[in-house]
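Just so you know, residue 1 is the first one in the sequence shown, and it goes up from there. Basis for what follows: all heavy atoms, side chains included, without hydrogens, waters or symmetry-related copies. All values derive from a computational prediction rather than experimental measurement.
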Amino acid sequence: MGIFDPLDLAGKATDATLARYREAELAHGRVAMLAVVGFLVGEKVEGSAFFFDASISGPAITHITQVPDGFWAVIIAFIGAYEASRAEAGWVDPADCP
């Protein structure tokens, strides 16, 4: 069975390009799932969380503007380090992973 591509978006792509697309799709899907979980948890634990002395309040959509600036620098540093190590390793077939 071949790949599911009804619009033939991958018609001109090489095998390496398709592997990169698949890896990117998995990574973006995982980030989206974590974002949804974070949004739902933010709604549920409002005012009772141990982060930031429980000072973040209101609807979850407004929480991002209430987070202290130093927090974002740490998050960006961790994400940058992870992405750099992932890019350095390159694409690896999941069957070859330990």
Side-chain angles (χ1 to χ4, degrees):
M1 180 187 290
I3 61 171
F4 178 74
D5 188 16
L7 299 177
D8 197 35
L9 298 173
K12 298 177 183 175
T14 65
D15 288 341
T17 303
L18 284 176
R20 193 179 82 219
Y21 289 166
R22 289 181 183 147
E23 181 183 2
E25 182 178 8
L26 285 173
H28 293 137
R30 290 175 181 150
V31 168
M33 288 186 281
L34 286 172
V36 168
V37 168
F39 200 89
L40 295 174
V41 168
E43 284 286 334
K44 184 68 177 166
V45 300
E46 178 187 347
S48 63
F50 57 91
F51 284 128
F52 314 118
D53 296 326
S55 63
I56 296 179
S57 62
I61 197 75
T62 65
H63 290 182
I64 196 166
T65 59
Q66 299 175 39
V67 174
D69 293 334
F71 179 76
W72 297 118
V74 172
I75 293 294
I76 290 170
F78 276 110
I79 291 172
Y82 170 76
E83 287 295 322
S85 69
R86 189 185 62 80
E88 190 175 306
W91 187 82
V92 177
D93 188 359
D96 296 337
C97 292

Apart from Phe78 itself, residues in the same hydrophobic cluster as defined by side-chain heavy atoms under 4.5 Å = Val74
Nearest 0.5 Å please: distance from the NE2 atom of His28 over to the CD atom of Glu23.
-> 10.0 Å
By ring-ring contact (aromatic ring centres under 6.0 Å, His included), Tyr21 pairs with (sequence neighbours left out) none
Would you list the pairs meeting salt bridge (Lys or Arg N to Asp or Glu O under 4.0 Å) in which at least one residue belongs to residues 55-67, sequence neighbours left out?
-> none
With sequence neighbours left out, the residues meeting side-chain contact (heavy atoms from CB on, under 4.5 Å) with Val31 are none
Using side chain to side chain donor-acceptor pair (under 3.5 Å) as the criterion, list what pairs up with Thr65, not counting sequence neighbours.
-> none
Contacts of Ile61 that satisfy side-chain contact (heavy atoms from CB on, under 4.5 Å) - sequence neighbours left out = Phe39, Pro59
Which pairs with one or both residues in residues 26-35 pass salt bridge (Lys or Arg N to Asp or Glu O under 4.0 Å), sequence neighbours excluded?
-> none
Pairwise distance CZ(Phe71) to CD1(Ile64) - rounded to 0.5 angstrom = 10.0 Å
How would you list all residue pairs meeting salt bridge (Lys or Arg N to Asp or Glu O under 4.0 Å) that involve residues 69-81, not counting sequence neighbours?
-> none
Please report, to 0.1 Å, the donor-acceptor pairs under 3.5 Å made by any side chain of residues 10-19, with sequence neighbours excluded.
from: Thr14; atom 1: OG1; to: Thr17; atom 2: N; distance (Å): 3.2
from: Thr14; atom 1: OG1; to: Thr17; atom 2: OG1; distance (Å): 3.0

Quick one: side-chain contact (heavy atoms from CB on, under 4.5 Å) partners of Leu7, sequence neighbours excluded?
-> Leu9
